[in-house]
Amino acid sequence: MPSQFPKGFMWGASTAAHQVEGNNVHSDFWLMENLEGSAFRERSGDAVDHFRRYREDIALMAQLGLNSYRFSIEWARLEPEEGVYDDAAIEHYRNVLKACHENKITPIVTLHHFTSPVWLIRLGGWESAGTPARFARYCAKVMSELGELIPYACTINEANISIGIAKIIKQHQSQGAAQVGINTDMLARMETYNRELSTAFGVPPQEVHSFLGPRSEKGLEIIFRAHVEARTAIRNAAPNTKIGITMSLYDIQSLPGGEENAAEALNEEFLQFKSYMEDDDFFGLQNYTRTVYGPDGFVPIPEEAEKTQMGNEFYPQGLEAVIRCVSKHLDKPIFITENGVATDDDERRVAYIDCALRGIHACITDGIPVKGYMHWSLLDNFEWQLGFSKRFGLIAVDRTTQERLPKPSASHYGKIAATNALAE
Ligand code: BGC
């Protein structure tokens with residue numbers, strides 16, 4: 001018997017502006033990528049030209065059978081200078097939203113997905129007490145212009161990511177690069193990140209606070225306050241829009257004797273932020289793999305485990321455990337706003353999707369309100385410091401021609417979406 005999903009389940013895919021659009025020239029990441037001796041493997045450049053090809057991409061999603069699309073609006077495009085809004089950028093996103101609706105695709109809009117305008121970083125970025133108000137002002141502008149077209153808004157993507165980053169740096173320091181793999185590479189590059197930006201910005205290295213990086217206690221609070229202030233601003237401007245935040249959550253497991261460490265990790269990565277989310281309309285859950293704790297702390301991935309291109313353990317069954325965990329602590333609808341795998345073996349992507357969806361189905365059967373699944377990612381794209389080499393997409397892109405090449409996993413997932421059911 002196929003596993004039937006509830007009527008109205010949202011089947012979609014996710015992207016983020018900087019990773020797909022191309023030429024995000026007023027953002028902090030663009031600045032960093034284009035520094036001489038940049039820590040980035042390559043530049044985002046034209047990325048996959050989604051800025052110009054969004055119509056084709058949205059139509060392709062609909063053709064595949066998907067009914068929703070999570071993408072981000074780029075703050076640096078909308079407000080390239082503080083307080084100066086770019087009407088053409090607003091019109092661009094209006095057209096993207098209209099294209100979604102015309103194709104019967106429900107948009108889920110993220111207002112901040114890692115990148116920030118250069119001017120914000122000059123003013124102290126994500127450690128500045130003024131940032132929540134600046135972010136809320138931008139959100140109010142977006143929603144007063146476009147709110148009627150936006151049924152769901154995520155304020156901040158992976159608001160807790162700095163905690164994971166700090167942990168990976170710690171693991172890197174205690175274990176050496178070889179065991180931690182590519183993520184370490186990414187984070188080692190991040191260590192030079194602030195130094196490089198410092199020269200470009202003309203502020204001391206310790207005062208360059210882009211979003212992706214370790215955060216002080218105060219900085220974390222600033223991020224969550226930005227969420228709360230943005231929520232109020234969005235509600236005022238667009239009362240019909242449902243609002244949530246997204247968080248990066250590992251499936252936290254423990255070996256015998258590691259229970260306390262695991263409980264501490266859950267508190268640090270998730271529970272401590274509960275009060276900021278209580279007034280939200282939904283929760284955006286993002287999961288890629290698990291972490292295991294023993295009596296001495298983090299347990300490295302076993303040698304023999306299957307790993308993804310990111311150096312993570314291939315572990316799609318983690319999604320179900322994370323959903324169950326979140327639902328114990330938060331009584332609200334859950335959207336899976338990201339979940340996916342970086343691999344060149346598309347059959348493993350199919351297996352990953354099927355396993356993740358079986359987990360979601362089991363949760364729904366038990367009464368947990370999971371409302372949608374946004375696979376990461378729609379397209380192979382710019383994986384931040386790691387450039388274009390990590391392939392998460394349902395659709396490949398030939399970057400010499402920007403031709404879209406749907407993979408078998410895209411039709412596989414599209415068929416599930418179109419029938420609203422997962423085969424045995
Ligand atoms: C981020 C995406 C990223 C993905 C895969 C998430 O942490 O939101 O921007 O591409 O993970 O690494």
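We use all heavy atoms of the structure for the numbers below, so side chains are in, but hydrogens, waters and symmetry mates are not. Order of appearance sets the numbers: ligands from 1, and atoms from 1 within every ligand.
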In ligand 1, which numbered atoms sit nearer than 4.0 Å to a non-hydrogen atom of [X]?
{"X": "His113", "value": "1 (C), 2 (C), 8 (O), 9 (O)"}
{"X": "Trp384", "value": "2 (C), 3 (C), 9 (O), 10 (O)"}
{"X": "Asn157", "value": "8 (O)"}
{"X": "Met310", "value": "12 (O)"}
{"X": "Phe392", "value": "5 (C), 12 (O)"}

**OP:** Using the side chain to side chain donor-acceptor pair (under 3.5 Å) rule, pick out the option among Asn157, Thr110, Thr155 that qualifies with Thr246.
**Re:**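 Option passing the side chain to side chain donor-acceptor pair (under 3.5 Å) with Thr246: Asn157.
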
For the residue pair [Y] / [X], report whether a side-chain donor-acceptor contact shorter than 3.5 Å exists.
{"X": "Trp11", "Y": "Asn420", "result": "yes"}
{"X": "Ser116", "Y": "Trp126", "result": "yes"}
{"X": "Asp398", "Y": "Thr400", "result": "yes"}

Who's the nearest protein heavy-atom neighbour of [atom], and how far?
{"atom": "atom 12 (O) of ligand 1", "result": "Glu383 OE2, 2.6 Å"}
{"atom": "atom 7 (O) of ligand 1", "result": "Glu158 OE1, 2.6 Å"}
{"atom": "atom 6 (C) of ligand 1", "result": "Glu338 OE1, 3.1 Å"}

**OP:** Inspect the contact between Arg404 and Asp57 and indicate whether a charged nitrogen and a carboxylate oxygen are less than 4.0 angstrom apart.
**Re:**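 Yes.
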
Original post:
Taking the six-membered ring for Trp, are Phe298 and Tyr293 parallel (under 30°), tilted (30 to 60°) or perpendicular (over 60°)?
Top reply: perpendicular

Original post:
Any idea which of Phe114, Trp376, Tyr288 brings a heavy atom closest to atom 11 (O) of ligand 1?
Top reply: Tyr288

Subject >> For Asp354, all residues meeting salt bridge (Lys or Arg N to Asp or Glu O under 4.0 Å), sequence neighbours excluded >> reply: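 Checked Asp354 against salt bridge (Lys or Arg N to Asp or Glu O under 4.0 Å); zero matches.
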
**OP:** Please state whether Lys390 comes within less than 4.0 angstrom of ligand 1, counting heavy atoms only.
**Re:** no

